[in-house]
Amino acid sequence: MYQFNYHKPSTLTEATSRMVEAEEGAYLSGGMTLIPTLKQRLAAPSDVIDLSGLPGMSGISIDGDIVSIGAMTRHAEVAASDAIPALAELAGGIGDAHVRNRGTLGGSIANSDPAADYPAAIVALDSTVRTSIGPIAGGDFFTGLFETALREGEIVTSVDFRIPDAAAYEKFPNPASRYAVVGVMVARCGDAVCVGVTGAGPYAFRATALEEALAADFSPGAVDGVAVDSSDFNADIHASAEYRAHLVGVLTKRAVARLG
Amino acid sequence: MEIKVKVNGTAHSLDVPDNTLLVDVLRERLGLTGTHVGCDTSQCGACVVHLDGTAVKSCTVLAGQADGAEVTTIEGIGRPDDLHPMQAAFRENHALQCGFCTPGMIMSAIDMVQKSDGRLDEAAVRDGLEGNLCRCTGYHNIVKAVLAAQDRM
């Protein structure tokens, strides 16, 4: 690792001030992405600002049909919660037990890794990302490869999820890393069907053509014949863009089948 | 920067560079070399310790993140003449070959059993050890040992 200055601020104001003052700052949440990145010298921040000392950033609370999850809540805690079973299953499939003991919801979504699991839920569920500045609709949060709607110095503090009538997450994990080669969350809210896709494109998105087909006929067979546009999909040694497009359909079918 | 950590019950106050990893504090500063560095890329689990009672990969934790915390390493769970039940089960079930992964396996297994209420089956143990690699591929006896130990913990 290159040298950096480590800070553990105790208030949001202090944290954002550190970021503004830093030559090149990096927020540290659980560190499951940032620390390996630092160790490989793929990043060289002058200042690492650890958010774990901020109060009130961790925990799960339920108010009516809204589940609010603090940004510093570890994956293991979400996995053990029965508030939204599909979200618990998603969290329980991230990385391995040790990663889930450290990695956080806020850290995962702020990174907008195209192969992360949580982004599928952010776009598929009716969600609101709350930050040090204000709320951002979940559907507007991811804007590009490792890019989000967060402004300079802005810190995710929590995410609100409206409890869906039903939801299921299916993923095709990379056998070594357990990152999603493709992951699909299908959620039903009243008559609406939402299909959130991660892993396939540069950032998580909703597959609107699949949603329309499933809104008309909520059955696995409805997915057949719906074209998934793979023109901007990821292609790497693990899967071609065409294969990822195929997986979007297969995983959507599996999720729909589970929801009966 | 200065950090305060309690390791295996002993309080330490240490001055370390800001970019120090917890595993290096344990091995280089405190001489606790039972915690191993295998892959150094958060994958193999040879460096697993308990941080405030939870299994973590200490190669992927900064020293500053452990400031104020309690850490338990493989040296802190038993003695040669009084092995932890998990250590005893590993010995009895031939759950180690070269032994390099063993400290991480044992620290992961203890955390898994402590959080399971003693109802782990083979599939749950294999899933729980997802983040621990044994390059001798001796998993079968490791799983047997964890299942045996859960009845004695």
Side-chain angles (χ1 to χ4, degrees), chain A residues 1-10 18 22 26-53 58 72 74-77 79-80 89 92-104 107 173-179, chain B residues 1-4 16-24 37 39-69 104-105 107-117 120 124-133 146:
Chain A
M1 274 187 285
Y2 294 111
Q3 296 289 328
F4 55 76
N5 301 309
Y6 171 89
H7 311 277
K8 194 187 282 185
S10 53
R18 289 283 189 197
Y27 287 130
L28 175 67
S29 187
M32 293 298 96
T33 298
L34 180 60
I35 295 173
T37 306
L38 294 171
K39 288 168 70 177
Q40 291 178 77
R41 295 192 167 188
L42 295 172
S46 60
D47 296 81
V48 170
I49 302 152
D50 183 355
L51 304 179
S52 68
S58 185
M72 288 296 292
R74 315 282 179 184
H75 306 327
E77 191 178 341
E89 186 183 340
I94 298 172
D96 57 45
H98 316 97
V99 169
R100 295 193 291 274
N101 284 340
R102 295 295 292 167
T104 69
N174 177 302
S177 69
R178 302 302 186 220
Y179 269 106
Chain B
M1 69 178 167
E2 183 164 310
I3 61 162
K4 293 187 193 318
V16 298
D18 286 21
N19 63 350
T20 305
L21 295 166
L22 174 59
V23 70
D24 292 328
V37 178
C39 68
D40 206 14
T41 54
S42 335
Q43 298 175 74
C44 80
C47 65
V48 170
V49 301
H50 294 178
L51 182 65
D52 285 333
T54 296
V56 303
K57 290 177 172 171
S58 63
C59 82
T60 315
V61 176
L62 294 174
Q65 292 178 292
D67 185 22
M105 287 283 182
M107 298 310 286
S108 294
I110 291 172
D111 186 39
M112 191 191 328
V113 170
Q114 285 175 341
K115 289 177 178 155
S116 72
D117 303 327
L120 292 169
V125 171
R126 288 185 183 276
D127 185 57
L129 292 177
E130 174 75 41
N132 292 84
L133 304 182
V146 178

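These numbers come from the heavy atoms of this one structure, side chains and all, not from hydrogens, waters or symmetry mates. Just so we're on the same page: letters track the sequence lines, and every chain starts at 1.
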For [X] against [Y], the heavy-atom pair lying closest together:
{"X": "Met1(B)", "Y": "Tyr6(A)", "answer": "SD-CD2, 3.6 Å"}
{"X": "Val56(B)", "Y": "Arg102(A)", "answer": "CG1-CD, 3.5 Å"}
{"X": "Ile35(A)", "Y": "Thr60(B)", "answer": "CD1-O, 3.3 Å"}
{"X": "Ser42(B)", "Y": "Pro36(A)", "answer": "OG-CG, 3.4 Å"}

Legend entry - Heavy-atom pair count under 4.5 Å with chain B, highest-scoring of Lys39(A), Gln40(A), His98(A):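 Sorted descending by pairs with chain B, the first entry is His98(A).
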
Inset, instruction - Please round to the nearest 0.5 Å and tell me the distance separating atom CG of Asp18(B) and atom CE of Met1(A). - result: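 Between atom CG of Asp18(B) and atom CE of Met1(A) there are 10.5 Å.
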
Legend entry - NZ on Lys8(A) to CG on Leu62(B), rounded to 0.5 Å: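 If we round to the nearest 0.5 Å, Leu62(B):CG and Lys8(A):NZ are 10.0 Å apart.
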
Inset, instruction - Select one option (side chain, backbone, both, neither) describing which atoms of Asp50(A) are under 4.5 Å from chain B's heavy atoms. - result: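 Contact with chain B involves the side chain of Asp50(A) alone.
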
Inset, instruction - Would you mind checking which part of Leu28(A) comes under 4.5 Å of any heavy atom in chain B, side chain (CB onward), backbone (N, CA, C, O), both or neither? - result: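 Side chain only.
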
Legend entry - Winner by heavy-atom pair count (cut-off under 4.5 Å) against chain A, out of Thr41(B), Asp40(B), Thr54(B):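 Heavy-atom pairs under 4.5 Å are most numerous for Asp40(B).
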
Legend entry - Max heavy-atom pair count under 4.5 Å with chain A, selected residue of Met112(B), Gln65(B), Gln43(B):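 Highest number of pairs under 4.5 Å: Gln65(B).
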
Legend entry - Side chain Asp96(A), main chain Glu130(B), donor-acceptor under 3.5 Å: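 No; zero donor-acceptor contacts below 3.5 Å.
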
Inset, instruction - Output yes when a side-chain donor or acceptor of Asn19(B) lies under 3.5 Å from a complementary backbone atom of Phe4(A), and no otherwise. - result: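 A pair under 3.5 Å: no.
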
Legend entry - Side chain, backbone, both or neither of Leu51(B) within contact of chain A (heavy atoms, under 4.5 Å):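 The side chain, not the backbone.
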
Legend entry - chain A contact via Asp67(B) - side chain, backbone, both or neither, heavy atoms under 4.5 Å: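 Backbone plus side chain of Asp67(B), per the 4.5 Å heavy-atom cut-off to chain A.
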
